[in-house]
*Asks:* 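Below you will find the structure I want to go over with you.
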Amino acid sequence: LVQPMAKGTVFDLTGDAWKARKTCLSSLFVVTEDVTLDFANAVRMMVPNLLHDASGSKTVDAQILCYLLFVKGTLNILFGAELELPQDCWDKLERAVKHFGNTRYDYATPEGVKDPEVFADTAYRANDHECYSSCVWDPCQIAVEWALENADKCPETCGFSKMMAKGFNDKNELVATAANFVVAAAESPASAMAHAMALVCENKDVMAKMKEEADMVMDKYSGEMNKEFCKDMVYTSAVIDEAFRLKAPATMVSREAIEDCELPIKGSGKTAETVKVKAGTKVNLCIHAAHLNKDVWGDDCEEFKPERWLGKTAKTGGAIGGGHAFMPFSAGARGCPGKAITIMWMKVLFAMIFHSYEMEEGKPAPASSGLAADAEYDEVVKPVAEVSKDGKSETGANARHISKFVSWIPTGIPLAFCEIEREYHNENEDRVEVPVMREMGDSQLHKVPLHPNRHGITF
């Protein structure tokens, strides 16, 4: 994926400006009980609507499915759970991920690979800017405008309230921050989740263990997907770590040496081979190379084995020299602070899916075909951006103030979901009807109905 990101936020500022915003927003990434339950509510509401089909079975693009759910989780963190975007905004966000799922950072096109020095200044690149402006920036602007008018509905713990309290109240920065959160907090985790789901579909034994754990934890907590619920999903956590190792959504960690130093390039300790690095040198580390290094992970490093992350090797995955070679969220002061939130999202979504659906690989479909695999093709960018003589887009909010965020994973992972038929009983053992589609007024949405008897699967 090649998503633009707005400049002038906590994502790219330096010095005191960055420190002030990082301090302001760092608590957003703490997995609290309220944050967990808010996301569980969102999943409980959205999944049946996204996956329900009259036939009982539906094939969707896993990337888009996860993206829409994780955008909702991101907006909850930024503005609180009361924010409800109009459907037009959700349609735009879906078009964005469809567009960038078809855009490659190596400038590959149907006509062949283009020279980036020349090709970067064409309407093709301008369309990236236009799509970001209309399909990501605009929905986030609507969210900020809602928050400015409904500040009393935004909890003190949300990102918007924290920024306003610290005086970071410039509307452009508020929108840019929200848009960048949607890109970074929703897109990369969605890619990771889509690939994790695909890997599970390819490994039926793993899927069986996850379903067993999900049902066990559901029963233990009476269907309430809270913080403690997530802690007990030990095997699912191992699956997530292994998926991150094989399919890390970010490709590169970039740093600059602030003083002369030596970096180890092979081995460890006093016997390690090193390379001298002068101050000011930019150092790039390929995360995939680190995650698939046989010297660190063993000869089976390319195999999907969640068991690496269980027992005595739970923290390191069995990596030689410890767990420092595992960095799907980068590392250090500039490491992604959203790790705990992302893993919580993935656990809740896996639990919801395995409780209510059978999941399998679907038939391949074009990434541009939308959430449903059989949906009609929809033009992604409307209209095509006008391009001036210098190659810059003439339309779209903030189109000249963006940088590129690069992730290697495309859309187009089709997964088929089949609704599991269940019988529900009240305290008198009378059978009761539980609607698949839930209304906003329903209480305790995070509590998933349990099933005394699973009596069949509809395909």
Side-chain angles (χ1 to χ4, degrees), residues 1 43 60-67 69-70 73 101 184-214 230-231 233-253 286-293 296-298 300-311 313-319 323 325-331 335-336 338-354 357 359-362 407-415 417:
L1 301 171
V43 170
V60 302
D61 185 315
Q63 166 75 24
I64 298 176
L65 169 70
C66 299
Y67 177 77
L69 292 167
F70 290 171
E187 180 185 83
S188 293
S191 297
M193 184 68 188
H195 274 275
M197 293 163 75
L199 287 167
V200 170
C201 284
E202 296 168 3
N203 294 268
K204 301 305 180 184
D205 290 343
V206 171
M207 182 185 291
K209 292 177 182 178
M210 293 180 73
K211 291 176 72 69
E212 181 180 359
E213 180 177 74
C230 291
K231 285 184 179 180
M233 298 188 70
V234 178
Y235 187 75
T236 300
S237 181
V239 169
I240 290 170
D241 281 345
E242 184 69 346
F244 271 124
R245 188 183 68 82
L246 288 174
K247 302 288 185 178
T251 57
M252 196 76 68
V253 177
C286 178
I287 294 176
H288 301 146
H291 285 187
L292 298 174
N293 188 336
V296 175
W297 302 97
D300 62 352
C301 63
E302 295 185 12
E303 298 179 28
F304 180 62
K305 289 187 174 181
E307 287 70 24
R308 299 178 202 273
W309 302 93
L310 296 174
T313 59
K315 293 184 178 181
T316 66
F326 182 64
M327 52 178 70
F329 294 88
S330 185
C336 176
K339 177 180 178 179
I341 289 285
T342 297
I343 292 174
M344 179 271 286
W345 285 349
M346 295 174 76
K347 287 181 177 180
V348 169
L349 183 51
F350 265 131
M352 175 68 185
I353 286 173
F354 283 134
Y357 300 89
M359 183 175 70
E360 63 184 17
E361 294 177 273
S407 180
W408 76 298
I409 301 174
T411 56
I413 301 176
L415 297 179
F417 295 87

*Asks:* What closest approach, in Å, do Ser188 and Pro249 show between heavy atoms, and which atom pair accounts for it?
*Replies:* O-CB, 3.5 Å

*Asks:* Test of understanding: with salt bridge (charged side-chain N to carboxylate O under 4.0 Å, His left out), list the residues that count as partners of Lys231, not counting sequence neighbours.
*Replies:* Glu228

*Asks:* Run the side-chain donor-acceptor check on residues 340-348: report pairs under 3.5 Å with partners two or more places apart or on a different chain.
*Replies:*
residue	atom	partner	partner atom	Å
Thr342	OG1	Gly338	O	2.9
Lys347	NZ	Cys230	O	3.1

*Asks:* Quick one: side chain to side chain donor-acceptor pair (under 3.5 Å) partners of Thr316, sequence neighbours excluded?
*Replies:*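 Side chain to side chain donor-acceptor pair (under 3.5 Å) list for Thr316, sorted by chain: empty.
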
*Asks:* Would you compute the distance between atom CG of Asp205 and atom CE of Met210 and round it to the nearest 0.5 angstrom?
*Replies:*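 The CE atom of Met210 is 13.0 Å from CG of Asp205, to the nearest 0.5 Å.
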
*Asks:* Going by the rule ring pair (Phe, Tyr, Trp, His ring centres under 6.0 Å), which residues pair with Phe329 if we only count those two or more places apart in sequence or in a different chain?
*Replies:* Phe244

*Asks:* If I take atom CZ from residue Phe70 and atom OG from residue Ser191, how far apart are they, to the nearest 0.5 angstrom?
*Replies:* 10.0 Å

*Asks:* Name all residues meeting the side chain to side chain contact (heavy atoms under 4.5 Å, CB included) criterion together with Ala319; count only those two or more places apart in sequence or in a different chain, and write none if there are none.
*Replies:* Val296, Trp297

*Asks:* Name all residues meeting the side chain to side chain donor-acceptor pair (under 3.5 Å) criterion together with Asp300; count only those two or more places apart in sequence or in a different chain, and write none if there are none.
*Replies:* Lys305, Arg308

*Asks:* Not counting sequence neighbours, which residues clear salt bridge (charged side-chain N to carboxylate O under 4.0 Å, His left out) with Glu307? List them please.
*Replies:*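 Applying salt bridge (charged side-chain N to carboxylate O under 4.0 Å, His left out) to Glu307 gives Lys209.
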
*Asks:* Applying salt bridge (charged side-chain N to carboxylate O under 4.0 Å, His left out), can you list everything that pairs with Glu202, at least two apart in sequence or on another chain?
*Replies:*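 Testing Glu202 for salt bridge (charged side-chain N to carboxylate O under 4.0 Å, His left out), a comparison that skips the adjacent residues, returns none.
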
*Asks:* Does the side chain of Met197 come within less than 4.5 Å of Phe350's, by heavy atoms?
*Replies:*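 Side chain of Phe350 against side chain of Met197, heavy atoms only: contact under 4.5 Å found.
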
*Asks:* Quick check: closest heavy atoms across Ala248 and His288, and the distance to 0.1 Å?
*Replies:* O-NE2, 3.2 Å

*Asks:* Give a yes or no answer on whether the side chain of His195 reaches the backbone of Ala243 with a donor-acceptor pair at less than 3.5 Å.
*Replies:* no

*Asks:* Quick check for you: to the nearest 0.5 Å, what is the distance between Ile353 atom CD1 and Cys66 atom SG?
*Replies:*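 If I round to the nearest 0.5 Å, the distance is 6.5 Å.
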
*Asks:* Nearest 0.5 Å, please: how far is OH in Tyr357 from CE in Met352?
*Replies:*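 These two atoms lie 5.5 Å from each other.
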
*Asks:* Under the side chain to side chain contact (heavy atoms under 4.5 Å, CB included) rule, collect the residues that match up with Ala238, sequence neighbours excluded.
*Replies:*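 Partners of Ala238 by the side chain to side chain contact (heavy atoms under 4.5 Å, CB included) criterion, ordered by chain and then number, come out as Pro306, Trp309, Leu310.
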
*Asks:* Take a 6.0 Å sphere around CD of Glu303 and say whether it holds more than 12 heavy atoms from other residues, nucleotides or ligands.
*Replies:* yes

*Asks:* Can you list the residues that meet the salt bridge (charged side-chain N to carboxylate O under 4.0 Å, His left out) rule with Arg245, with sequence neighbours excluded?
*Replies:* Glu242

*Asks:* What is the minimum heavy-atom distance between Glu361 and Cys201, and which atoms define it?
*Replies:*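 Looks like CG-CB, 3.7 Å.
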
